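The structure presented is a predicted model; accordingly, all values stated were derived computationally and were not measured. For the numbers below, each heavy atom of this structure counts, side chains included, while hydrogens, waters and symmetry mates do not.
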Amino acid sequence: MAKRQSSSTTLSDVATRAGVSISTASKALNGRDDVAAATRDRVLRAAAELAFQPNALARGLISGRTRTIGLLTDELGGRFAMPILLGVENALANEQMSVLLCDARGDAIRRHHYISTLLARQVDGFIILGDDNDVRPSLTRGIPVPVVYVYGESADPADLSVLADDEGGARLAVEHLVSLRRRHIGHVTGPQAYRAARDRVTGLRAVLAEHGLDLAGGAPLHGEWSQRWGRHAARTLLATAPELDAVFCGNDQIATGVADVLRDLGRRVPEDVAIVGYDNWEEFAVDCRPPLTTVDLDLEHLGTAAARLLLDRLGGDRAGGVVRHPCRLVVRESTAPAAAP
């Protein structure tokens, strides 16, 4: 029967119980190949009986690994950061690895200080979390351990970056609207300076072209990522395209503003005009009237994917480039089939 480990339980106790040297016990517990299978089983059984947990620092000195990862972010308080961090932490915890988190808050001096601090802690690798999907300067040159960038693409193509597939997410949204027989689809989105906004426009135009459809209003309407902009843009869009029967919005805040104006002007959602948002921010998507169909960036799984790719790099994989993680469509009441003509 296993007993509770006391604070004095040591590797020497395990070795004595298994009838082997301390060196052999250490090798067996660390999975070394130069230990006979029967001996390894005897050591593992002894460790279990004593409820022995090897000291993490000592194990790191033996293996050359500390089993810790440095996670550097520029915006810990941002809405997109926390789900990604949860995905990273869950994936690494499953591998019995720990995360040391540092928030540079967008400050270059603070960022380089944290890189030095984490390297002094002998982290095995880095995950660098961006605050948007835009290209950012590479930090890899000053980091002598494997690095993966997530939710922000490194400018160095030799680096490995994991991004949400915004173009693919837009395709999901517009294909859904087209499948519902919507033929006059407008687009209200954020600033054109944002790569995510541009990628979503690319996906939108590709689907419209495949179905021989023109964009209602002639061009995307770019503005703030806000309800206020959504309300203003909805009035503009209805004035230029009164035949409008669907709106694909760049985020859920914009979509909520669009829905408010359509309701105020007597346009029924979804019967007259269907709406699709983006982000699946439940504060807006679920509370919108009616609740929004929206594209979910699947951020927690994005973090999980980044962690797994870093583990691959720790295992020797040196592939670089960009990995685009798929989004998913969450269907709610703001979309429904149009009435038959």
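Put simply, CD1 on I84 and OG1 on T304 are 10.5 Å apart, with the number rounded to the nearest 0.5 Å. For the atom pair L302 CG and E300 CD, the distance stands at 11.0 Å (nearest 0.5 Å). Taking CD1 of I185 as the reference point, atom CG of L237 lies at 11.5 Å (rounded to 0.5 Å). One distance of note links CG of D260 with CG of L265; it measures 11.0 Å at 0.5 Å rounding. Interatomic distance, R313 CZ to L310 CG, rounded to the nearest 0.5 Å: 8.5 Å. Atom CG of N90 is separated from atom CD of E95 by 12.0 Å, given to the nearest 0.5 angstrom.
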Full working for side-chain contact (heavy atoms from CB on, under 4.5 Å) between R183 and V178: CA-CA 7 Å; R183 295 296 179 264; V178 171; 3.9 Å; yes

Verdict with reasoning, C102 to T117, per side-chain contact (heavy atoms from CB on, under 4.5 Å): CA-CA 10 Å; C102 295; T117 299; 5.8 Å; no

Step-by-step side-chain contact (heavy atoms from CB on, under 4.5 Å) determination, R136 to D131: CA-CA 10 Å; R136 60 176 298 158; D131 54 3; 5.9 Å; no

Working for side chain to side chain donor-acceptor pair (under 3.5 Å), residues R332 and N280: CA-CA 11 Å; R332 297 191 181 95; N280 196 27; 2.9 Å; yes

Worked verdict on L119 versus V145 for side-chain contact (heavy atoms from CB on, under 4.5 Å): CA-CA 9 Å; L119 288 174; V145 294; 4.3 Å; yes

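Between the side chain of R231 and the backbone N or O of V258, no donor-acceptor pair lies under 3.5 Å. Remark: side-chain polar atoms of R200 are not paired, donor with acceptor, to backbone N or O of A170 under 3.5 angstrom. Between the H222 side chain and the G190 main chain, a donor and an acceptor come within less than 3.5 Å of each other. Listed for the D298 side chain is no donor-acceptor partner under 3.5 Å among the backbone atoms of C327. A donor-acceptor pair under 3.5 Å links the side-chain atoms of D134 to the main chain of R195, judged by distance alone. R67 contributes no side-chain N or O that, together with a main-chain N or O of S98, makes up a donor-acceptor pair within less than 3.5 Å. R328 places no side-chain N or O within donor-acceptor distance of the main-chain N or O of D296, the cut-off being under 3.5 Å. Put simply, the side chain of T66 gets close to the backbone of Q122: a donor and an acceptor are under 3.5 Å apart. A donor-acceptor pair is defined here as one N or O able to donate and one able to accept, closer than 3.5 Å; such a pair exists between the side chain of W229 and the backbone of T189. In this structure, the side chain of D245 engages the main chain of H184 through a donor-acceptor pair within 3.5 Å.
Not a single ring-ring contact (aromatic ring centres under 6.0 Å, His included) links Y278 to another residue, sequence neighbours left out. Shown here are the ring-ring contact (aromatic ring centres under 6.0 Å, His included) partners of Y149, two or more places apart in sequence or in another chain: there are none. For E175, the salt bridge (charged side-chain N to carboxylate O under 4.0 Å, His left out) partners at least two apart in sequence or on another chain are R171. Every residue two or more places apart in sequence or in another chain that forms a side-chain contact (heavy atoms from CB on, under 4.5 Å) with D103 is listed here: T73, L76, R105. Every residue meeting the side-chain contact (heavy atoms from CB on, under 4.5 Å) condition with P191, not counting sequence neighbours, appears here in chain and number order: Y194, W225. Residues satisfying the salt bridge (charged side-chain N to carboxylate O under 4.0 Å, His left out) criterion with R111, sequence neighbours excluded, are D74.
Around NE2 of H232, the count of heavy atoms belonging to other residues, nucleotides or ligands within 6.0 Å does not exceed 12. Within 6.0 Å of CZ in R141 there are 12 or fewer heavy atoms belonging to other residues, nucleotides or ligands. When the shell of 6.0 Å around CZ of R263 is examined, it contains more than 12 heavy atoms from other residues, nucleotides or ligands.
The shortest distance between side-chain heavy atoms of I275 and C249 falls below 4.5 Å. A heavy-atom distance below 4.5 Å is not found between the side chains of V207 and L213. Put simply, the side chain of I115 reaches to within 4.5 Å of the side chain of L139, judged on heavy atoms. Contact annotation: the side chain of R121 never approaches that of T68 to less than 4.5 Å [non-hydrogen atoms, C-beta and beyond]. Between W281 and N251 there is no side-chain heavy-atom pair separated by less than 4.5 Å. Between T335 and L180 the shortest side-chain heavy-atom distance falls below 4.5 Å. Residues R205 and P220 are in side-chain contact: their nearest non-hydrogen atoms beyond the backbone lie under 4.5 Å apart. L297 has its side chain within reach of D279: a pair of non-hydrogen atoms, C-beta onward, lies under 4.5 Å apart.
Closest heavy-atom contact between T294 and V276: CA-CG1, 4.2 Å. In terms of heavy atoms, A285 sits closest to D252 at CB-OD2, 3.9 Å. R182 and A274 make their closest contact through NH1-N, 3.4 Å (heavy atoms, listed as atom of the first residue, atom of the second, distance). A25 and A15 get closest at one heavy-atom pair: CB-CB, 3.9 Å. Annotation for V35 and A28: closest pair CG2-N, 3.9 Å, computed over non-hydrogen atoms. Nearest heavy atom pair, residue L309 against residue V148, reads C-CG2, 4.1 Å.
Residues L50 and I22 share a hydrophobic cluster, clusters being chains of Ile/Leu/Val/Met/Phe/Trp/Tyr side chains in contact below 4.5 Å. Linking Ile, Leu, Val, Met, Phe, Trp and Tyr residues whenever their side-chain heavy atoms come within less than 4.5 Å places L71 and L314 in a single cluster. Residues M97 and I127 fall within the same hydrophobic cluster, defined by Ile, Leu, Val, Met, Phe, Trp and Tyr side chains chained together at heavy-atom separations under 4.5 Å. Both V261 and L244 belong to a single network of hydrophobic side chains, linked directly or stepwise wherever heavy atoms of I, L, V, M, F, W or Y lie under 4.5 Å apart. Criterion: ILVMFWY side-chain heavy atoms under 4.5 Å apart, direct or through other members. Under it, V269 and I254 are part of a common hydrophobic cluster.
Looking only at atom types and distance, the side chain of H176 has no donor-acceptor partner in the side chain of T293 under 3.5 Å away.
Between L163 and the options V323, D199, V322, a side chain to side chain contact (heavy atoms under 4.5 Å, CB included) holds for only V322.
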